[in-house]
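Below is one structure; the comments refer to it alone.
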Amino acid sequence: MIKDRISVRDLAEFNNKDGSLGGNILNSSRAQIGTLEHKRVQDSRGEGYLKEYSLKTSVEKFGIMLEIYGRADGIYSLDDPIVIEEIKTTKVDKISAPHLSQVKLYAYLYLIESSLKGVHYPGISIKLLYINIINREERIIKEYLTREELTIFFETQIDPYFLYLKGLKSWKDLRDTSLKELVFPFNNFREGQRDLSVNIFRAIRDSKTLFSIAPTGTGKSMASIFPALKAMGEGVVEKIFYLTAKTVGRITARDTINILREGGANIRSIVITAKEKICINKEFNCSPDSCPYALDYYKKLFLVINEILGIRDFYEENLKDLGEQYSLCPFELSLDLSNYCDIVICDYNYVFDLRVYLKRYFETKNKGFTLLVDEAHNLPDRLRSSYSCKLDRELIPPVLDILSPICKKTMNSLEAINSIMLDAIKSNSGEYTLFEEVPTDLIKALKKSCLNIEGNILDLDFKGKNLVIDWYFNTLFFIKLSELYTEGHCFVQVNRGGLGVTLEILCNDPSILFSKMLQKCNSHIFFSATLTPINYFVSLLIRDIDYEIVEIPSPFPIDNLKLIIRPDIKTTYKERSRYYSEVANIITKVRKSVSGNYMVFFPSYKYMDEVAKLIECDVLIQKPRMSEIQRAEYLNEFENKKSILSFAITGGVFSEGIDLVGDKLIGVIVVGVGLPQISIKNNILKDRYNYQFAYTYPGFNKVQQAIGRLIRHEDDRGVAILIDERFNTSQYRSLYPNEWSNSVVLTNDDDTIMTIKKFWE
Ligand code: SF4
C-alpha cells in the first residue's frame, strides 16, 4: 500500500487551479504581515472557541492510503450547530474558491472526527472571515452544510487528487521496475567511484547525512545519481533534488541522467531555470493582463499536461518551446512539471533560500526526498547570505519622494523608520556596533510601514513603484528573519559616514536554520573536491544531525601534478608592491620555459593589473562583471590557441567549474593565499570563531579550486606554482590535500625553471 499525505490547504488549491497565474507577486506576502491580526482575532473569541485545531482523516483508493491533514483556525465548539472558522487577513475583495474549499474540508474532517468519538452531527456551519489588515473591515461568508452535502463535497475534492496520485503510481511502478534492472552504464567504475557510490547508497538507504570529499575525476555526478536512482528503485526515495551552485553543474547532472536514461532508466527529470532567464514574454511582467502565457494558464495546462508528460527530459530550451507551443509560462510550467519528475536539478536557492525555496516541497517534512548537493564547499557563503538581510537608510529618501504625492500615511510610517536609523547614528557613533538582538521598536515600525504599503500603495499604479516594491519586499524579509533569528545571527549597525547607516541581521553560523530545513528531507549527500578542513564545513552546515564522512583518493596519478611552492615571494597587502616585478618575472620565465596555456590567479584586480603592466607578451585578462558571452569568449581562447597567458581572480568565475582538459591548460600559478577581503563581516566572523574560519579556510578553498583547474583527466599533466610564504607554514601544509603530497619548496627562479623543464622531459 502506498502512503501519501496532503494538507487541506494544498488539496483546496489543487482543485481550484483553473484560471490564470496570480500575476500579483505580492499576494503571497500579504499573509506574512497579517499574522498578528490573525492571532488577535482568534484571541478575541469567547468560551469554547478551539483555535488552531488539528484535524486529519485517511482515505484509501487505488491501493493508495491518503492522509488529509490540517489545522482549522477556529472551532466554535459550544455553538449549535458547530461553526468552523477560517480567517483570512487580506484585502476584502472577491471570495477565493480555495479559501471556501478549505473551510468546507475542515468542516468535513471535524464531522468525521466527531463521529469517531460517537457524536453524530447532522451538519456544520462554516464561516469564512476576511479581514482587511489596514482598517479591520470584515466580510463574513457563512453557510450551513448538512452531513450529506459535506460528504459529497469531500468526494469531489479528493477524487481528482486520487486520479492524479493513480497516474503517479502507475508511473512509479514503471520507473521502479526500470531502476531495479538498471546497471552501472560503463564497463568499469573509476578508481574510488564505486566506493563513493556504495557509501552514498548506504547513506540514502539509512536516511543519513554524508559528506563526501571526492577529488576531480572521481565522477561525482554519476557516483551520486546512480545510487540515488537504485535507492529509488528500492522504494526508499520518492524524489531526488540535485542541487548546484553553477549552471555548469546542472549541465553535467543532466548529461549524467541522459546516460542513465539511455541505459534503461525510465525517469523524468527537469532542470529548473530562473524565472527571469526562462521568461518568453516580451517584458518581464507576470500579470495576466500583460502576459499571454500567464492568462488562463491552469486551464491550458490541464488540457495538455498528459501530452507534455510524454517527454522525459525537461530543460531550459524545450521548456521555452513548450511555453511557446501551448502558450504557457515556462517557469510555472517547470514548477508544475517538477511534481511529475523523479529528479529535479536546480540551484541551491530553490531548496535553501528563505525567499525563493519551493514551498510545494519544503514547507513540511517529506521523508521521501533525497538531496544531492554538488560543490558543497560553496554552501557556507551562500547560506550566510541567504539568511542575512540589511536595511540601507540611503534607500529611504528616494522612496519617500515617490510616496509623498501618493500617500501621507505611508510616508509617515517610513519617516518613523528613517528617524530610528538616524537616532541609531547618534547613539552608536563607531564604525560598527554589534547587538545581540534586533531592536523591537525597529521591527514595530517596519511592520507598520509594510501594513501601510500593503493597504494603501500596492494596488495603485504610479511612477517609481518598483523602487517601493523592492523596499517593501526587503523589509518583509527583514521582519521574517527577525522572527527566525538564531544564536548564529547578530544584529549590526554599520555607520558609513554622514547620514549613511546600514542595519543588518547578519548570519554568521547558518547551521541552525539550515539543519531545520535539512530535517524536512530523508537524506543529504554533500560532495565536493574541496571540503577541507571538513570540521569547518560540518560545523557551519549542520547542528545536532548525525553525519558520516567519506574521503576518496584522487583517481589520477599523483605524479601528473608538479606542485612548486615559492615562499620567497611575499604577497601580503603591505608587502606585495615590493614583489610585483618578482611575480612578473617568474610568470614570464615559466611561460618561456615550456610553451603552452597558463592561468595565473591573483587576489585582486588591482594586483593583477599591476603585474600585467610588467608582462611584455599579450595577456588574456579577466574583467569585472563579464557577461556570459564574454566569459565564453575568454574560455574559447584556450580551445583555439596553444600559448595563452591568462590572468584571472582567485575565487572568481574562472577559478572553479571550468574544464580545460589536456593541453588546453598546462600550468597554473596562484599568487597569494586567496584570503577574503578584510571586511566588517569577516572580522565579526573572526571574533565569533577565529582567524582560520573567517579568512584562512575560505581563502585556501579558493586556492584549491584554482589549482583544481589543472588536472581534469587521467592523462592530464601540469605544473602548479603557489606563490606566498604562508603556503610553506605548518598551518597551510596541514590543509594540503593528498594530491599535493609531492610538492617541492623552491626559493629562486632558476631552480623553479629547472624543475619545470625536468617535469616535462
Ligand atoms: S512568461 Fe514571463 S512574464 Fe509571463 S508569467 Fe512567465 S515569467 Fe512572467
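None of these values were measured; they are calculated from a predicted model. Computed over heavy atoms, backbone and side chain alike; hydrogens, waters and symmetry mates excluded. Start at 1 and go down the list; that is how both ligands and their atoms are numbered.
Taking atom 8 (Fe) of ligand 1 as the reference point, the nearest protein heavy-atom neighbour is Cys286 SG, 2.3 Å. The protein heavy atom nearest to atom 4 (Fe) of ligand 1 is Cys291 SG, 2.2 Å. Protein heavy atom closest to atom 6 (Fe) of ligand 1, with residue, atom name and distance, is Cys329 SG, 2.4 Å.
There is no side-chain donor-acceptor pair under 3.5 Å between Tyr293 and Glu332. Counted by atom type alone, Asn452 and Thr410 present zero donor-acceptor pairs between their side chains at under 3.5 Å. Checking Tyr130 against Glu137 by side-chain atom types alone, no donor-acceptor pair falls below 3.5 Å.
Contacts of Asn285 with ligand 1, taken as heavy-atom pairs under 4.0 Å, involve the backbone alone.
Remark: distances from the non-hydrogen atoms of Phe284 to ligand 1 include one below 4.0 Å.
Just one of Ser224, Ser221, Ser269 meets the side-chain hydrogen bond (donor to acceptor under 3.5 Å, both in side chains) condition when paired with Tyr242; it is Ser221.
Which parts of ligand 1 touch Lys275 is read off a 4.0 Å heavy-atom cut-off, strictly below it: atoms 7 (S).
Within the 4.5 Å cutoff, side-chain heavy atoms of Trp171 are placed close to those of Asp342.
Residue side and main chain included, Cys279 places no N/O/S atom under 2.8 Å of atom 6 (Fe) of ligand 1.
Counting non-hydrogen atoms of neighbouring residues, nucleotides and ligands closer than 6.0 angstrom, the CZ atom of Phe62 exceeds 12 such neighbours.
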